[in-house]
Amino acid sequence: MPLKNDTLLNGGKYRIIRFINSGGFGCTYEAEHITLRTKLAIKEFYLEDYCNRNFETGVITVATLSKAELYQKLKQRFIDEARLLATLQHPGVVHVTDVFEENGTAYYVMEF
């Protein structure tokens, strides 16, 4: 279940415009940087088989305690991936500009 359109993230810095797609490690959204008024993409760490989302708040909880340790480990890998991508400069690699944790999960921001 993706975030609702117009959801604000990172203290209101970003606004979700629309859900684009989901894959093995999460959901990708078209979003807007509120202050700069620029379009960007946000990837959310969301393992559908492990997570439940409160539709009203967007907060994610891990479905069972037995899955919590693996979820945390994979979330840290997601954050590490974002940090690595932020250091790369190549036309074939998307540039990551921000990473943050919120709603019980992690997000990274990249050029659209």
Side-chain angles (χ1 to χ4, degrees):
M1 172 190 332
L3 290 168
K4 296 187 295 186
N5 292 351
D6 295 320
T7 297
L8 297 176
L9 294 173
N10 203 15
K13 186 175 182 179
Y14 305 110
R15 180 180 66 85
I16 298 297
I17 295 172
R18 68 181 176 92
F19 169 73
I20 296 173
N21 205 347
S22 62
F25 276 94
C27 301
T28 304
Y29 304 91
E30 178 183 349
E32 172 189 34
H33 187 293
I34 298 292
T35 305
L36 298 177
R37 296 183 185 156
T38 55
K39 189 187 309 188
L40 45 87
I42 294 181
K43 186 170 183 180
E44 174 188 48
F45 180 69
Y46 181 77
L47 299 175
E48 190 170 12
D49 294 340
Y50 286 65
C51 301
N52 297 313
R53 184 191 309 275
N54 179 309
F55 186 69
E56 292 304 314
T57 66
V59 172
I60 290 174
T61 55
V62 179
T64 66
L65 288 176
S66 64
K67 295 179 179 181
E69 185 177 335
L70 179 59
Y71 177 83
Q72 291 302 322
K73 186 176 184 176
L74 293 174
K75 182 174 77 168
Q76 188 57 53
R77 282 190 191 169
F78 179 88
I79 292 167
D80 292 344
E81 175 185 291
R83 289 178 176 148
L84 175 62
L85 287 170
T87 67
L88 301 176
Q89 300 288 329
H90 187 277
V93 178
V94 67
H95 184 68
V96 170
T97 59
D98 200 1
V99 62
F100 59 95
E101 292 185 64
E102 188 172 354
N103 297 327
T105 192
Y107 302 85
Y108 63 79
V109 180
M110 54 198 151
E111 55 196 350
F112 187 75

Salt bridge (Lys or Arg N to Asp or Glu O under 4.0 Å) contacts in which one or both residues fall within residues 86-95, not counting sequence neighbours: none

More than 12 heavy atoms of other groups within 6.0 Å of Q76 CD: yes

CD1-CG distance between I17 and D6, expressed to the nearest 0.5 angstrom: 9.0 Å

For Y50, all residues meeting ring-ring contact (aromatic ring centres under 6.0 Å, His included), sequence neighbours excluded: none

Side-chain heavy-atom pair L88, V96 within 4.5 angstrom cut-off: no

Co-members of the apolar cluster containing I20 [side chain, <4.5 Å]: F112

Audit row: L9, I42, side-chain contact (heavy atoms from CB on, under 4.5 Å) steps and yes/no: CA-CA 10 Å; L9 294 173; I42 294 181; 4.2 Å; yes

Partners meeting side chain to side chain contact (heavy atoms under 4.5 Å, CB included) with D98 (sequence neighbours left out): N10, K13, Y14, F100, V109

Side-chain (R53) to main-chain (I60) donor-acceptor, under 3.5 angstrom: no

Intermediate values then yes/no, side-chain contact (heavy atoms from CB on, under 4.5 Å), K43 and M110: CA-CA 8 Å; K43 186 170 183 180; M110 54 198 151; 3.6 Å; yes

List the atom pairs, with distances to 0.1 Å, where a side-chain N or O of residues 23-33 and a protein N or O form a donor-acceptor pair under 3.5 Å, not counting sequence neighbours.
| residue | atom | partner | partner atom | Å |
| --- | --- | --- | --- | --- |
| Y29 | OH | L3 | N | 2.9 |
| Y29 | OH | E44 | OE1 | 2.8 |
| E30 | OE1 | R18 | NE | 2.6 |
| E30 | OE1 | R18 | NH2 | 3.4 |
| E32 | OE1 | R15 | NE | 3.1 |
| E32 | OE1 | R15 | NH2 | 3.1 |
| H33 | ND1 | T35 | N | 3.4 |
| H33 | ND1 | L36 | N | 3.0 |

Qualifying ring-ring contact (aromatic ring centres under 6.0 Å, His included) pairs, either residue in residues 60-81, two or more places apart: F45-Y71, F45-F78, F78-Y108

Same apolar cluster: V99 and V94, side chain cutoff 4.5 Å: yes

Flag side-chain contact, heavy atom, 4.5 Å: V93 against L85: yes

Validation row: E111, T97 side chains within 4.5 angstrom (heavy atoms): no

Rounded distance (nearest 0.5 Å) linking atom CG of L8 with atom CD1 of I34: 6.0 Å

Joint cluster assignment, Y107 & L40, ILVMFWY side-chain distance < 4.5 Å: yes

Derivation of the side-chain contact (heavy atoms from CB on, under 4.5 Å) call for H95 and H90: CA-CA 8 Å; H95 184 68; H90 187 277; over 6 Å; no

Minimum-distance pair of heavy atoms, taken over all atoms of F55 and M1: CD1-SD, 3.3 Å

Residue pairs fulfilling salt bridge (Lys or Arg N to Asp or Glu O under 4.0 Å) with at least one residue in residues 59-75, sequence neighbours excluded: K75-E101

Pairs where residues 82-94 contributes a residue and the test salt bridge (Lys or Arg N to Asp or Glu O under 4.0 Å) is met, not counting sequence neighbours: D80-R83

Contacts of type side chain to side chain contact (heavy atoms under 4.5 Å, CB included), residue E56, not counting sequence neighbours: K4, N54

Rounded distance [0.5 Å steps], CD in E81 versus CG in L74: 11.5 Å

Non-neighbouring partners of T61 that pass side chain to side chain contact (heavy atoms under 4.5 Å, CB included), sequence neighbours left out: N52

Any residue meeting side chain to side chain contact (heavy atoms under 4.5 Å, CB included) with S66, in chain and number order, not counting sequence neighbours: T64

Nearest-0.5 Å distance that lies between atom CD1 in I79 and atom CG in L84: 14.0 Å

